[in-house]
Amino acid sequence: MSDFECKEVVLVRCVLLFSLCLFVSLIGDGAHGQEDTPLQPFPTLQISLPLLDIPFNRSDDYNNRFVTSMRQSTELSKSFYQITYPLLLEKLDINNTKPGFQRLGKNLLFTSYLFGSFFSPPGSIWLYEEYQRAVLKNRGVDSHNDGYNLTLNDAATVASRVKDEDLILFKKKHPYDLIRSHAAMYEGGNQLVSSLIKDAFFLGTSLVEGVILLVIISDHLYIRENTSSEANRWTDIQNLKELTIQERDFTGFDFTAWVYDLHRSEEDYTARGVHPSGVGIDRYIKLSDLTFEEVRYLKKQRDLSLFNIAGLFLMEPHKVRPFLRGEEFLLIAKPMHYLTSFGYTVNADF
């Protein structure tokens, strides 16, 4: 595969993601205003910046690169969106702008915000990597979040600078933590969405619908990409470009690796073989590396992730009056699909 073909695929991925951001911006246009929701007439601002999380931020971690805990990264990302999202909407005032070039321009500015914040710390992709790195760090595996590099040359962010010998030992001693690390980005997206909805419900903060839509829909599309031949092509591109161990992601396509190790928890990590460059272990799992049953299992997860999209229509609270005597109350009830170290769950959140 030529370098031109590599850049072409990267460009296509960027265009597709920007198109998704534009789609989210347009369909969320009518929902940007918070005044008509039964939560609170005027959204409040709730900032949470946990500086210390014990025992995760323990003193024996001084040799490792800085990693936020799952709670810390969720709170940082959530606070970032709760500050910037309503502030930008207030300045743009899209709902009160007449249809035309001016409104389209404002939508494009808002789309650029969604696209840029998606990649920039402490946005959602940064959060994904921090969730994965938290699982790795908990077992002494050092890593680096490339989201800090602020580059879009790969249209992807990875957890790099992970040693092969650390991954070999990681799977040998803690195989189910390795499985969880593959799925941790999906867990992080779900936790961010749930946290945003809970804050809006209990504290009256901005619901930031555009961010919630973008996270849930992009996560579903990513699982769908893992089940397509694009997973093989993109893996070939990464293997072609990443000649040193330092620059490689620890997992590649997250969900092909997840289903692979889920069904091979006792297999030695070195069984993946040698990297195409001849240096290091071939970490990345292609769709073609999976058995028929494993592919079917992964496609099942792709379909079950639609529950998360269905939950988008249920994130607004509804007034409920109980059968017995009593005042009406507000209720949110939505499904949520998770990938786990033992398989998957479909939860009902109330």
Side-chain angles (χ1 to χ4, degrees), residues 55-56 58 61 63-65 67-70 73 125 127-147 156-191 219 222-223 226-227 231 234-235 238-239 242 245-275 280-291 293-295 297-298 300-301 337-345:
F56 186 83
R58 53 189 183 271
D61 289 330
N63 287 326
N64 285 2
R65 295 180 180 87
V67 182
T68 58
S69 68
M70 290 182 173
S73 54
I125 288 187
L127 171 77
Y128 294 163
E129 300 306 320
E130 288 300 288
Y131 259 68
Q132 292 181 318
R133 296 179 69 222
V135 181
L136 295 174
K137 180 186 177 182
N138 197 47
R139 296 303 183 184
V141 179
D142 199 11
S143 63
H144 175 264
N145 187 341
D146 282 10
T157 303
V158 301
S160 62
R161 305 181 194 178
V162 180
K163 299 177 182 178
D164 280 347
E165 50 266 35
D166 286 343
L167 292 174
I168 294 171
L169 194 61
F170 186 29
K171 182 166 186 181
K172 183 178 181 180
K173 289 189 173 183
H174 311 287
Y176 293 101
D177 283 339
L178 176 64
I179 297 169
R180 186 189 181 190
S181 69
H182 298 319
M185 60 145 294
Y186 194 65
E187 178 183 352
N190 285 347
Q191 288 299 312
D219 284 354
Y222 183 49
I223 295 183
N226 277 239
T227 62
W234 185 250
T235 299
Q238 294 302 99
N239 283 333
E242 299 169 349
I245 294 176
Q246 282 284 89
E247 60 186 321
R248 294 172 193 164
D249 186 24
F250 85 99
T251 183
F253 267 91
D254 302 86
F255 305 130
T256 53
W258 170 79
V259 75
Y260 181 90
D261 284 318
L262 180 66
H263 291 81
R264 296 175 175 83
S265 59
E266 297 182 358
E267 180 185 85
D268 194 85
Y269 190 81
T270 57
R272 280 166 157 80
V274 180
H275 190 271
I281 296 175
D282 190 10
R283 302 176 180 181
Y284 302 164
I285 302 300
K286 296 182 181 180
L287 188 67
S288 56
D289 294 326
L290 304 178
T291 65
E293 290 298 325
E294 289 165 352
V295 172
Y297 191 85
L298 185 56
K300 180 180 180 180
Q301 306 315 309
H337 168 249
Y338 280 91
L339 301 179
T340 69
S341 60
F342 55 83
Y344 69 94
T345 66

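Worth saying up front: this structure is predicted, and the values here are computed from it rather than measured.
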Closest approach of Ser265 to Tyr176 (non-hydrogen atoms, all atoms of both residues)
OG-OH, 3.6 Å

I need the minimum non-hydrogen distance between Thr251 and Ala257, along with the two atoms involved.
OG1-CB, 3.2 Å

With distance as the sole criterion, is a donor-acceptor pair present between the side chains of Asp254 and Tyr222 under 3.5 Å?
yes

If we only count heavy atoms from C-beta on, is the Val259 to Leu290 side-chain gap below 4.5 Å?
yes

Give, for atom CH2 of Trp234 and atom CG of Asn239, the distance between the pair rounded to the nearest 0.5 Å.
12.0 Å

With a 4.5 Å cut-off on side-chain heavy atoms, are Thr68 and Arg133 touching?
no

What about the rings of His182 and Tyr260, do their centers lie closer together than 6.0 Å?
no

Do Tyr284 and Glu242 get their side chains close enough for a donor-acceptor pair, meaning under 3.5 Å?
yes

Measure across Val162 and Asp142 and return the closest heavy-atom pair with its distance rounded to 0.1 Å.
CG2-O, 3.6 Å

If you define the side chain from C-beta out and look only at heavy atoms, does anything of Tyr186 sit under 4.5 Å from Phe255?
yes

Parallel, tilted or perpendicular: which fits the ring planes of Tyr344 and His337, with parallel below 30° and perpendicular above 60°?
tilted

Between the CG atom in Leu167 and the OH atom in Tyr269, the distance rounded to the nearest 0.5 Å is 4.5 Å

What I'd like to find out is whether the side chain of Asn145 reaches to under 4.5 Å of the side chain of Glu130, using heavy atoms alone.
yes

Determine yes or no for a side-chain-to-main-chain donor-acceptor pair under 3.5 angstrom, with Asp249 supplying the side chain and Ala159 the backbone.
yes

So, applying salt bridge (Lys or Arg N to Asp or Glu O under 4.0 Å) with Asp261, which one of Lys171, Arg283, Arg180 is it?
Lys171

Do the side chains of Tyr131 and Met185 get nearer than 4.5 Å, heavy atoms only?
no

Check Arg272 with Asp164, please: is the shortest side-chain N to carboxylate O separation under 4.0 Å?
no

Locate the shortest heavy-atom distance separating Leu262 from Ser341; write the atom from each residue and the value.
CD1-O, 3.5 Å

How close do Ala183 and Leu339 get, heavy atom to heavy atom, and via which atoms?
CB-CB, 3.7 Å

Separation between CZ (Phe250) and CG (Leu178), nearest 0.5 Å, reads 7.0 Å

Shortest non-hydrogen contact from Phe56 toward Val67
CE2-O, 3.5 Å

With side chains defined as the heavy atoms from C-beta onward, is the minimum distance between Asp289 and Thr256 less than 4.5 Å?
no

Inter-residue atom distance Arg161.CZ - Ser143.OG, 0.5 Å rounding
10.0 Å

CZ (Arg139) and OG (Ser181) are apart, to the nearest 0.5 Å, by 11.5 Å

Under 3.5 Å, side chain of Trp258 to main-chain N/O of Thr340, donor-acceptor pair present?
yes

Can you tell me if Ser73 uses its side chain to pair, donor with acceptor, with the backbone of Met70 under 3.5 Å?
yes

Return the CD to CD distance between Glu187 and Gln132, rounded to the nearest 0.5 Å.
10.5 Å

Is Lys163 close to Phe170 at the side-chain level, that is, under 4.5 Å between some pair of heavy atoms?
no

Heavy-atom side-chain proximity of Thr235 to Gln238 below 4.5 angstrom:
no

